[in-house]
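Notes follow once the structure below has been shown.
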Amino acid sequence: MHVEKIEIPAFRVLRDVVLEFGEAYDPQIFPIGSENGGGKSTLLQLVFALLHCSADERRIPYLANLLSSDSYTGDEDERLIARLTLRIEGKSHTLEFIELGYGFLGRKLEGPPRLGFKTAAVLEHIQAEDQDELLKFYRESFQNGKRKIEISAQDREALQEDLRRMRGLWVALNYHYVTAYERSTSAGAETRALICHVQGQSSSATEARLRAASSRVFLLGPSSQQYLFLDMAARRMLTTRCEPEDEDEERPQFEYLSNLSDAEEDMAGFYAYDWLSVEPLIRLFASARDEDFKGVVKTGSYGNSYNALLQQVNRLLVGKEVRPIEDLSGVEFVISEGGHEVVLSPEDLSQGELKRLMIYAWLRANRAHDALVLIDEIETSFHPDWQAGIVRDLQEWAPNTQFLLATHSYEVCQALTPRHVRELRPKLRWSSTTSTETGDPEPRDG
Amino acid sequence: MDDQQALVAAILRSPRIRNRIVVLCEGDVLAVRDGRPPSPQMYARLERMPDANFYRACVPRRWQNHRLPCFFTCGGRSQVLSVFAMLRTKHLEDPAASYLTPDKLYAIIDLDLHVERMPDGYPWSTTEDVHAALYSDGAIAAAPDERHRIWVTALIHKEAFFVLPGVEAAWAHGLPPFFRGAPLSLRVVHSAVSERLKEDVELTERLEVVVERLRRFSGGQRLVCSSGQALGSSWRAVAEHADEQEYAEILNALLAVAKVKPLWSEVVPEPKLGMPSPDAAFFRDQLALNVAAHIARLEPHEHPLASFFDFLAPRR
Ligand SMILES: Nc1ncnc2c1ncn2[C@@H]1O[C@H](COP(=O)(O)OP(=O)(O)OP(=O)(O)O)[C@@H](O)[C@H]1O
Ligand SMILES: [Mg+2]
């Protein structure tokens, strides 16, 4: 799976983004440049979260967090967050991710509904075809302030009818409901719903698309940066200062990292490449060993995966050799100094060495093949020589995979043609006059 | 200060070249940047890929973990030669103000048909002499003289490397290039290169150089060098019945004197409908980089550029 086109009209700092990555480019490796704050990280995280999280219950909260971080002030009922054209087995599929406002369903219906409702919340139940939940929700939305309103038999009937009509409309629209989330708007915090739509496809076909896409998209980035898919409380910790009086307290940054590590567990496609851990490498050696063992069972002789891997890893290292510990609980690195062996542990590697090795190991361990891999700040802690070499590295480590590389490095670009490089141009924020008064924030009365 | 002096000063002051091989080559001089570090955005706006990127991409993969050479484009061939000379002079005037290691300064330029004079005091006096000293039959001499610092290409210019047999491996994974309405076949290009000889005015003007040069190619003996026309048709006549070995020999001879550049510029992406196709010049840049990546994986004896870097290896 590759991405052919990314369109983002307005999301956080991003404005009118249209990036194309045609099939004709060889290799499919695209550096993306911009000024600081130009939106590279935002772009990678948005694309990743939409594709990786939309079809997985456990990951939905991350997507919701990211969508909540937007503060768009327009008040459309339907607003395009992103249009992603994917290329899967030679065919193009255009996925539209659309945010629906409160009034969407009501306005879409022919003739007003008899009762009012919040689109986002209704959708959650429509999708599940859960009538009881919906009724419960209706009852709650009729609890206007402290005044409790009994639902009359007439209302109940009206409700059933509204629901029937809405369901009809919903089926006709072929929208796949993804999640509801709250975000700040000009009228305060409001609930919105995200749907995904593929022209000419049923909602369940769209869901199947999303499910397939989720295992073919990866995001790699540094641990010490803001990830919009973490919740706000966690994100604040990254920039919070330790109060001098509570010396015993852990720094809030540790808490951030622990949140990030949880995110890694929930989102299999996400990896912070600068954890000082060689876990992906160990995983890789273990699976190579298993593969060789499977060979014994099948053909009676050991395969060569383990030794081939050993050789490959050694080629990546400068003047060192890797030596997995026998029970594969870890690895050591060996250098020879004046004829003597000196054993180094992973923490003795330089930051750049470790990063390069871990990106290699992680891509291999996750079989990032025919995939879309997004890497943020690819060049940090790499000497210019390694920056220049990383494009060829990636090509060799994961052929057939498409890479989008957020970068400030000219060296990275030189291994490709100038036309491979994409630029996020700064746009005037909130360029057109923003009208925010005419929202429809509250449940309407029928 | 003229552009060339500015370039020389910029190279000498560039900390990246410290204790590194510097290779000067042909190609547009990148606009001297107004003090800002170069960015991806700047690269994206270049109209053409700098030629140095081709040579940079040819650096053997084995070098990855060693110090890579620094490449600088200096303009045409004569500019490369004068920048080469100026760098040494300026460095010696004030070594403390320069990051250059003169022993690690090299250049590589196209052979071309026009014979260029080497800088004063250089052990060989012309590009033709350098070529004769370095290569025989298009391959590097067994042990090239240590004093070779300015290299010329084994064939007429670097584009000749884009059409050597075996090069198809470079685009096996990507989109196949098209030439004159059909998927590119190397033999068709070779034949077109030979056809074009009859229109090559420069070749007619420098027939003596051509005759001399072809003497250094085993395949040259089988060709008639009385005119461009005769050369072309004799080449095709031999090619028609040649076995693989013979073909390789006469191809080297052809590509030592016949220009490939004009035909290479006819190479385009497959005109597939409904597919966004990049413009052709960029497509060729992409092919050139893929050819370079292919060369970077070859053994020294397999390619003259691989042997150039093999020569540099102990000096890095
Ligand atoms: N709610 C918001 N709406 C719009 N813009 C925002 C919002 N919140 C933050 N921003 C701005 O978005 C920018 C963040 O962009 P991002 O981190 O994606 O840039 P980047 O290109 O990755 O930058 P760098 O090169 O420094 O990593 C910052 O300038 C930030 O101030
Ligand atoms: Mg960033």
Side-chain angles (χ1 to χ4, degrees), chain A residues 4-5 20-28 30-35 38 40 85 87 90 92 314-320 353 356 379 383-393 395-396 399-400 405-426, chain B residues 15-16 20 30 33 36-50 52-54 56-57 59 61-71 170-177 268-270 272 274-290 292-293 296-297:
Chain A
E4 216 160 62
K5 196 171 183 186
E20 295 195 51
F21 310 95
E23 205 180 343
Y25 292 93
D26 175 32
Q28 286 277 315
F30 303 94
I32 300 178
S34 80
E35 305 290 308
K40 300 180 295 297
T85 305
R87 193 165 54 245
S92 294
N314 283 335
R315 243 180 285 143
L316 291 181
L317 293 164
V318 191
K320 301 184 183 67
E353 284 175 314
R356 179 152 171 261
E379 76 277 13
H383 178 275
D385 281 0
W386 276 13
Q387 296 178 21
I390 195 72
V391 165
R392 288 270 179 262
D393 285 342
Q395 226 179 329
E396 284 176 12
N400 244 322
L405 310 174
T407 181
H408 290 286
S409 162
Y410 191 83
E411 309 295 332
V412 167
C413 299
Q414 281 187 309
L416 296 156
T417 78
R419 296 292 289 278
H420 275 82
V421 182
R422 299 289 171 275
E423 182 181 358
L424 290 178
R425 295 229 171 87
Chain B
R16 279 208 60 201
R20 256 171 210 265
L30 289 185
R33 305 150 195 139
R36 297 171 57 185
S39 67
Q41 297 91 293
M42 276 177 46
Y43 190 72
R45 287 184 203 144
L46 294 178
E47 306 253 307
R48 290 197 42 210
M49 183 179 80
N53 289 9
F54 169 77
R56 189 176 280 117
V59 174
R61 283 296 284 165
R62 294 184 296 279
W63 284 36
Q64 178 67 97
N65 291 332
H66 300 273
R67 316 173 131 258
L68 296 180
C70 293
F71 294 85
W171 53 73
H173 301 292
L175 292 174
V268 294
E270 182 176 356
K272 219 195 245 170
M275 194 193 74
S277 93
D279 63 71
F282 141 75
F283 178 76
R284 288 188 291 274
D285 284 344
Q286 174 173 295
L287 281 180
L289 283 178
N290 287 339
R297 286 192 202 93

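Bear in mind that the values here come from a model prediction, so they are computed numbers and not experimental data. Order of the sequence lines fixes the chain letters, A, B, ..., with proteins taken first and strands second; residue numbering starts at 1 for each chain.
Of the listed residues (B/V59, B/N290, B/D285), the one with the most heavy-atom contacts under 4.5 Å to chain A is B/N290. Counting heavy-atom pairs under 4.5 Å between each of A/Q395, A/R356, A/R422 and chain B puts A/R356 at the top. Counting heavy-atom pairs closer than 4.5 Å to chain B, the top residue among A/I32, A/T407, A/D26 is A/D26. Among B/R67, B/R62, B/E47, B/R20, the residue with the largest count of heavy-atom pairs under 4.5 Å with chain A is B/R20. Of the residues considered (A/H408, A/R392, A/Q28), A/R392 shows the highest number of contacts with chain B, using heavy-atom pairs under 4.5 Å.
For chain B, the nearby part of A/L317 is the backbone; its heavy atoms alone come within less than 4.5 Å. If you measure heavy-atom distances from A/E396 to chain B, the contacts under 4.5 Å come from the side chain alone. Heavy-atom distances place both the backbone and the side chain of A/D393 under 4.5 Å from chain B. At a 4.5 Å heavy-atom cutoff, A/R87 makes no contact with chain B through either its backbone or its side chain. Residue contact with chain B, scored on non-hydrogen atoms closer than 4.5 Å, involves the side chain of A/E423 exclusively. Contacts between A/L316 and chain B at a heavy-atom distance below 4.5 Å involve the backbone alone (N, CA, C, O). Contacts of A/S409 with chain B are made by backbone atoms alone, with heavy-atom separations under 4.5 Å and no side-chain atom involved.
Nearest heavy atoms, B/P40 versus A/Y410: CD-N, 4.3 Å. Closest of all the heavy-atom pairs between B/L46 and A/P418 is O-CB, 3.8 Å.
By the 4.5 Å heavy-atom criterion applied to side chains, A/T417 and B/L289 are counted as neighbours. Side-chain contact check for A/R315 versus B/R61: every heavy-atom pair is 4.5 Å or farther apart. B/R16 is listed as a side-chain neighbour of A/D385, based on a closest heavy-atom distance under 4.5 Å.
With values rounded to the nearest 0.5 angstrom, B/Q41 atom CD is found 8.5 Å from A/C413 atom SG. Atom CZ of residue B/R56 and atom CD of residue A/E411 lie 7.0 Å apart, to the nearest 0.5 angstrom.
Of the possible donor and acceptor atoms, none in the side chain of B/Y43 sits under 3.5 Å from a partner among the backbone N and O of A/V412.
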For B/Q286 and A/R419: C-alpha separation, side-chain torsions, deciding distance, then whether side chain to side chain contact (heavy atoms under 4.5 Å, CB included) applies.
CA-CA 9 Å; B/Q286 174 173 295; A/R419 296 292 289 278; over 6 Å; no
